[in-house]
Amino acid sequence: MPKLRLAPSILTADFGRLEEEISSVAPFVDWFHLDVMDGHYVPNLTFGPTVVEAVRRACATPLHVHLMIENPLEFAATFVKAGVQRISFHPEVVRDVAAAVAEVKAAGAEVGLAVHPDVPLSAVEPYLASLDVLLMMTVRPGFGGQKFLHEVVPKITAARSALEEKGANADIEVDGGVNLETVDIAVQAGGEILVAGSAIFDGVDAPAAARRLRERLDAMS
Ligand code: DX5
Ligand code: ZN
């Protein structure tokens, strides 16, 4: 099993101590997963490039922006300038998915498509070979701290097979409700990069929580 990677979502981090929160878990993680929401695609509003720049200043860890917004292409270059390595967006918000994928790459970022729990894998299958990451959501987008949706597991397994069939090498990232109880299920289904928000930034002991998840992933790698 290739190295399993851990990507904390900062959505439930303490934004009053963001630099401290980021640097406290950075030693245990491979990516930071930054959930950008516009209040239109999802009923929540989070942060933009300014916060991403602050995260960039706080660590050298690669940054993956998960755009839950209606006009992702308008902001791709801005997020690249803010220091982001990867940008994922939801295919249902763009007219031409292939063109949008190419446009994000042209802006200078690796690219991913994010699959809402209610969106079928067929919505992204035609584009798998051109992706760097396939973001499989196991919660309904909009909020951290939700329960892992087990009904999405077969879709993750199907995504794993579809990538193999196409000889595509996109990472499968599992996003939502991942914690010590659900991480094994997410990995067995095919998850390679595991997003954990409230399981890490729970206000109790973020570095300890990150270390426990890191140890669990290393034991499965
Ligand atoms: C939800 C976001 C997820 C979420 C993960 O819309 O895309 O990244 O913040 O947080 P937890 O791990 O708490 O579900
Ligand atoms: Zn996310």
Side-chain angles (χ1 to χ4, degrees), residues 4-15 18 21-22 25 28-48 51-52 55 61-70 72 75 79 84-93 109-119 124 131-153 155-156 171-187 191-206 209-210 212-214 216-217:
L4 296 169
R5 284 147 284 168
L6 181 58
S9 157
I10 65 168
L11 192 56
T12 53
D14 177 349
F15 277 68
L18 190 57
E21 294 263 74
I22 294 281
V25 303
F28 307 104
V29 309
D30 305 280
W31 288 87
F32 277 104
H33 179 97
L34 308 178
D35 290 304
V36 173
M37 303 181 193
D38 64 359
H40 296 286
Y41 177 71
V42 288
N44 194 4
L45 195 56
T46 56
F47 51 82
V51 170
V52 171
V55 176
T61 310
L63 307 181
H64 177 185
V65 155
H66 173 192
L67 294 180
M68 287 160 275
I69 68 175
E70 279 187 348
F75 293 93
F79 281 112
V84 160
Q85 276 70 33
R86 264 181 186 177
I87 296 176
S88 289
F89 62 92
H90 287 261
E92 59 272 33
V93 303
E110 291 183 351
V111 65
L113 288 175
V115 186
H116 186 293
D118 299 341
V119 169
V124 295
L131 302 182
D132 299 291
V133 58
L134 181 62
L135 185 57
M136 301 300 289
M137 290 205 70
T138 40
V139 293
R140 281 189 165 64
F143 299 91
Q146 300 177 73
K147 286 248 164 292
F148 183 89
L149 294 174
H150 290 264
E151 61 267 32
V152 178
V153 168
K155 188 163 63 168
I156 300 170
D171 295 324
I172 294 189
E173 184 160 330
V174 177
D175 182 16
V178 174
N179 54 38
L180 286 174
E181 283 67 51
T182 58
V183 66
D184 294 39
I185 299 164
V187 167
E192 298 163 300
I193 303 178
L194 291 306
V195 176
S198 50
I200 291 177
F201 294 118
D202 55 2
V204 178
D205 186 341
R212 279 194 299 271
L213 274 167
R214 169 84 274 152
R216 176 68 66 80
L217 292 178

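Ligands are counted one by one from 1 in listed order, and the atoms in each one are counted from 1 as well.
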- Task: Could you tell me whether Gln146 and ligand 1 have an N or O pair separated by under 3.5 Å?
- Result: no
- With the Zn ion (ligand 2) at the center, what angle do OD2 from Asp175 and ND1 from His66 span, rounded to 10 degrees? 90°
- Task: Only heavy atoms count here, so choose which of Ile200, Asp175, Leu11 is nearest to atom 5 (C) of ligand 1.
- Result: Asp175
- Under 4.0 Å to a heavy atom of Ala196 - the qualifying atoms of ligand 1, by number: 12 (O)
- Query: If you take all heavy atoms of Met37 and Thr46, which pair is closest and at what distance?
  - Reply: N-OG1, 2.8 Å
- Message: Test of understanding: given a 4.0 Å heavy-atom threshold, classify the contact between Ala199 and ligand 1 as side chain, backbone, both, or neither.
- Response: neither
- With a 4.5 Å limit on heavy-atom distance, are the side chains of Trp31 and Leu63 in contact? no
- Message: For the OG atom of Ser88 and the CD atom of Glu173, what is their distance to the nearest 0.5 Å?
- Response: 6.5 Å
- Heteroatom distance test (Gly177, ligand 1): nitrogen or oxygen, under 3.5 angstrom: yes
- Task: Please tell me if the side chains of Val51 and Phe15 come closer than 4.5 Å, counting only heavy atoms from C-beta onward.
- Result: yes
- Atoms of ligand 1 less than 4.0 Å from Gly176 heavy atoms? 14 (O)
- Item | Nearest-neighbour protein heavy atom for atom 13 (O) of ligand 1, which is reported as residue plus atom name and distance | Ser198 OG, 2.5 Å
- Message: Taking 4.0 angstrom as the limit and counting only heavy atoms of Met37, give me the atoms of ligand 1 inside it, by number and element.
- Response: 6 (O)
- Query: Between Phe148 and His150, what is the ring plane arrangement, given parallel below 30°, perpendicular above 60°, and tilted in between?
  - Reply: perpendicular
- For atom 1 (C) of ligand 1, which protein heavy atom lies nearest, and how many Å away is it? Phe143 O, 3.7 Å
- Query: Taking the side chain as C-beta and beyond, is there a heavy-atom pair between Val124 and Leu134 under 4.5 Å?
  - Reply: yes
- Looking at Pro141, which atoms of ligand 1 are within less than 4.0 Å of one of its heavy atoms? 6 (O)
- Query: Phe201 versus Asp14: any side-chain heavy-atom pair under 4.5 Å?
  - Reply: no
- Residue from His64, His33, Arg86 passing side-chain contact (heavy atoms from CB on, under 4.5 Å) with Ile193: Arg86
- Task: Taking the side chain as every heavy atom from C-beta outward, state whether Ile69 and Val93 have any pair of such atoms under 4.5 Å apart.
- Result: no
- Message: For the Zn ion (ligand 2), give me the closest N/O/S atom belonging to Asp35, just the atom name.
- Response: OD1
- Query: Which of the numbered atoms in ligand 1 are below 4.0 angstrom from a heavy atom of Gly145?
  - Reply: 11 (P), 13 (O), 14 (O)
- Looking only at distance, does His66 have an N or O less than 3.5 Å from an N or O of ligand 1? yes
- Query: Once you round to the nearest 0.5 Å, how far does CD1 of Ile156 lie from OG1 of Thr138?
  - Reply: 6.0 Å
- For the atom pair CD (Glu181) and NZ (Lys147), what is the distance rounded to the nearest 0.5 Å? 8.5 Å
- Note on the structure: For His33, the ligand 1 atoms with a heavy-atom partner under 4.0 Å come out as 8 (O)
- Please confirm whether Asp35 comes under 4.0 Å of ligand 1, counting heavy atoms of the residue only. yes
- Nearest to the Zn ion (ligand 2), which N, O or S atom of His33 do we find? NE2
- Taking the side chain as C-beta and beyond, is there a heavy-atom pair between Arg216 and Leu4 under 4.5 Å? no
- Item | Nearest protein heavy atom with distance in Å, relative to atom 6 (O) of ligand 1 | Gly142 N, 2.8 Å
- Before signing off on this row, confirm whether Gly197 and ligand 1 have an N or O atom pair separated by under 3.5 Å. yes
- Message: Could you check whether any side-chain heavy atom of Phe75 comes within less than 4.5 Å of a side-chain heavy atom of Val36, counting everything from C-beta outward?
- Response: no
- Item | Numbering as shown, the atoms of ligand 1 that approach Ser9 to under 4.0 Å (heavy-atom distance) | 8 (O), 9 (O)
- Heteroatom distance test (Met68, ligand 1): nitrogen or oxygen, under 3.5 angstrom: no
